[in-house]
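One-based numbering along the sequence shown. Bear in mind the structure is a predicted one, so any value in this text is a computation, not a measurement.
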Amino acid sequence: MAAQASFTIDSPGGPRTVTLTYERAGAGEPLLLLHGIGHHWQAWQPVLPILATERDVIAVDLPGFGASPALPDGLAYDLTSVVPVLDAFCRHLGIERPHVAGNSLGGLLALELGREKLVRSVTALSPAGFWSEAERRYAFGTLLAMRQGARAMPLPVIERLSRSAVGRAALTSTIYARPGRRSPEAVVAETLALRDATGFRQTLDAGRGVLFRDAVPELPVTIAWGTRDRLLVRRQGVRAKHVLPDARLVRLPGCGHVPMHDDPALVARVILDTSR
């Protein structure tokens with residue numbers, strides 16, 4: 001059963017209360033998991049049981065996604081606001097400098113947490129922020145089309161599509177290389193998460209000018225990219241390696257943009273190896 005944490009952070013307009021929903025499991029060194037735009041903490045469900053055998057795993061719904069409410073007035077959905085929110089969330093739970101793994105938007109946030117030296121290690125799976133302008137426009141256009149499609153479909157249509165492998169592919173093949181493996185229930189839930197995300201548009205708008213250009217020194221960093229990523233193409237991983245020359249660049253064969261579902265064992269091993 002997911003829990004909620006409410007805590008206070010500073011903002012230009014004074015203290016604000018932020019509430020985040022999260023799932024916590026396992027024991028060991030703390031590991032924070034951050035999902036991508038339009039997703040929810042359940043993106044990590046395929047790898048969570050594996051990780052929880054060796055780590056105290058905290059999978060969180062980012063602000064305005066999943067079951068986490070929108071950010072309060074006065075807080076933007078950019079890196080300078082969301083990174084301190086995540087740090088305050090960890091401190092509220094009594095955690096200092098967790099390991100962190102993130103996918104897409106979550107990967108960018110994970111790298112920024114590393115740059116700020118707020119974490120012990122970083123695993124970034126197809127992280128945002130290493131795109132060319134044409135690649136960014138393509139990715140944002142695709143995400144907007146997915147969002148509009150999800151919002152246009154009544155729930156009975158989503159449920160009907162989810163019952164067949166072809167329908168699940170229609171709903172999720174942009175982010176998964178093997179969409180037929182997803183359960184109907186999971187596909188319905190993540191389509192609704194995309195449809196109902198209150199922070200989607202503001203987060204997308206905040207990302208338009210983002211490029212990750214800084215080193216993340218003195219931390220173990222792994223950049224991992226699926227060979228079948230159709231949203232953020234894998235040559236962006238090579239750019240990431242140029243920006244972060246000390247990082248380990250890992251190829252995820254046969255995986256799409258959200259690789260946790262395509263090869264849970266491989267992704268879990270990459271995260272655990274980085275967070276030793």
Side-chain angles (χ1 to χ4, degrees), residues 23 33-53 57 59 61 65-66 101-107 110 123-128 130-131 135 138-139 141-147 149-150 153 157-195 197 222-238 240 249-274:
E23 178 75 4
L33 301 179
L34 307 175
H35 62 77
I37 189 169
H39 228 144
H40 50 180
W41 74 258
Q42 291 90 336
W44 299 96
Q45 277 182 324
V47 298
L48 205 152
I50 309 171
L51 297 173
T53 63
V57 183
D61 280 338
F65 296 96
N103 173 225
S104 196
L105 166 65
T123 306
L125 310 173
S126 295
F130 297 98
W131 41 48
E135 290 163 352
Y138 163 76
T142 301
L143 288 165
L144 281 169
M146 291 173 63
R147 162 89 156 176
M153 281 185 285
V157 174
I158 297 170
E159 290 174 336
R160 187 168 69 248
L161 285 169
S162 75
R163 295 187 194 113
S164 72
V166 171
R168 292 193 292 278
L171 290 169
T172 64
S173 63
T174 303
I175 58 172
Y176 302 129
R178 302 179 177 102
R181 292 185 178 182
R182 305 290 292 125
S183 73
E185 296 78 15
V187 168
V188 170
E190 63 196 2
T191 303
L192 295 179
L194 174 61
R195 185 185 76 179
T222 296
I223 307 290
W225 229 283
T227 61
R228 296 174 63 188
D229 192 329
R230 297 173 57 193
L231 189 65
L232 298 180
V233 292
R234 60 177 175 167
R235 62 175 168 267
Q236 294 173 39
V238 178
L249 179 60
V250 176
R251 183 173 172 267
L252 303 175
C255 289
H257 183 63
V258 181
M260 301 87 79
H261 299 278
D262 290 323
D263 196 334
L266 174 60
V267 171
R269 178 49 49 201
V270 169
I271 294 171
L272 291 171
D273 285 349
T274 308

* Begin with the C-alpha distance, continue with both residues' side-chain angles, and end with the deciding distance and a verdict on side chain to side chain contact (heavy atoms under 4.5 Å, CB included) for Phe65 and Ile37. => CA-CA 8 Å; Phe65 296 96; Ile37 189 169; 3.8 Å; yes
Requested in this report: Step by step, work out the side chain to side chain contact (heavy atoms under 4.5 Å, CB included) result for Leu125 and Val267.
Outcome: CA-CA 9 Å; Leu125 310 173; Val267 171; 3.8 Å; yes
Working for side chain to side chain contact (heavy atoms under 4.5 Å, CB included), residues Glu135 and Leu232
CA-CA 7 Å; Glu135 290 163 352; Leu232 298 180; over 6 Å; no
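Across all non-hydrogen atoms, the minimal contact from Ala177 to Gly256 is CB-N, 3.6 Å. For the residue pair Gly254 and Thr227, the shortest heavy atom distance occurs at N-OG1, 2.8 Å. The two residues Ala101 and Ile271 come nearest to each other via the heavy atoms CB-CD1, 3.9 Å. Scanning all heavy atoms of the two residues, the minimum distance from Gly107 to Ala124 falls at O-CB, 3.9 Å. Residues Val250 and Thr222 come closest through the heavy atom pair CG2-CG2, 3.7 Å. Across every non-hydrogen atom of Ala224 and Val270, the tightest pair is CB-CG1, 4.4 Å.
Residue Leu231 holds its CG atom at 7.5 Å from OG1 of Thr174, rounded to the nearest 0.5 Å. How far CG of Asp229 is from CG of Leu252: 9.5 Å, rounded to the nearest 0.5 Å. Considering NE2 of His35 and OG of Ser104, their distance stands at 11.0 Å, rounded to 0.5 Å. To the nearest 0.5 Å, atoms CG (Leu266) and CE (Met260) are separated by 12.5 Å. Distance CD/Glu185 to CD/Glu159: 10.0 Å, rounded to 0.5 Å. Interatomic distance, Ile175 CD1 to Leu143 CG, rounded to the nearest 0.5 Å: 9.0 Å.
With hydrogens and angles disregarded, no donor-acceptor distance shorter than 3.5 Å links the side chain of Asn103 to the backbone of Leu33. Not one N or O on the side chain of Arg168 forms a donor-acceptor pair closer than 3.5 Å with the backbone of Ser183. The backbone N or O of Arg178 lies less than 3.5 Å from no partner atom in the side chain of Arg228, so there is not a single donor-acceptor pair.
Listed by chain and number, the residues in a side chain to side chain donor-acceptor pair (under 3.5 Å) with Thr191 amount to none (sequence neighbours excluded). Applying the ring pair (Phe, Tyr, Trp, His ring centres under 6.0 Å) test to His39 and every residue at least two apart in sequence or in another chain returns nothing. Shown here are the salt bridge (Lys or Arg N to Asp or Glu O under 4.0 Å) partners of Arg181, two or more places apart in sequence or in another chain: there are none. Under the salt bridge (Lys or Arg N to Asp or Glu O under 4.0 Å) criterion, Arg160 pairs with no residue, sequence neighbours left out.
Here the side chains of Arg195 and Met153 are not in contact, with every heavy-atom distance at 4.5 Å or above. A heavy-atom distance below 4.5 Å is not found between the side chains of Trp225 and Cys255. Residues Val187 and Pro179 are not in side-chain contact: their nearest non-hydrogen atoms beyond the backbone lie 4.5 Å or more apart.
For residues 258-267, the set of pairs meeting the side-chain hydrogen bond (donor to acceptor under 3.5 Å, both in side chains) definition, not counting sequence neighbours, comprises Tyr176-His261, Arg182-His261.
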Side-chain donor-acceptor pairs of residues 41-48 under 3.5 Å, sequence neighbours excluded:
{"unit_1": "Gln42", "atom_1": "OE1", "unit_2": "His40", "atom_2": "ND1", "d": "3.0"}

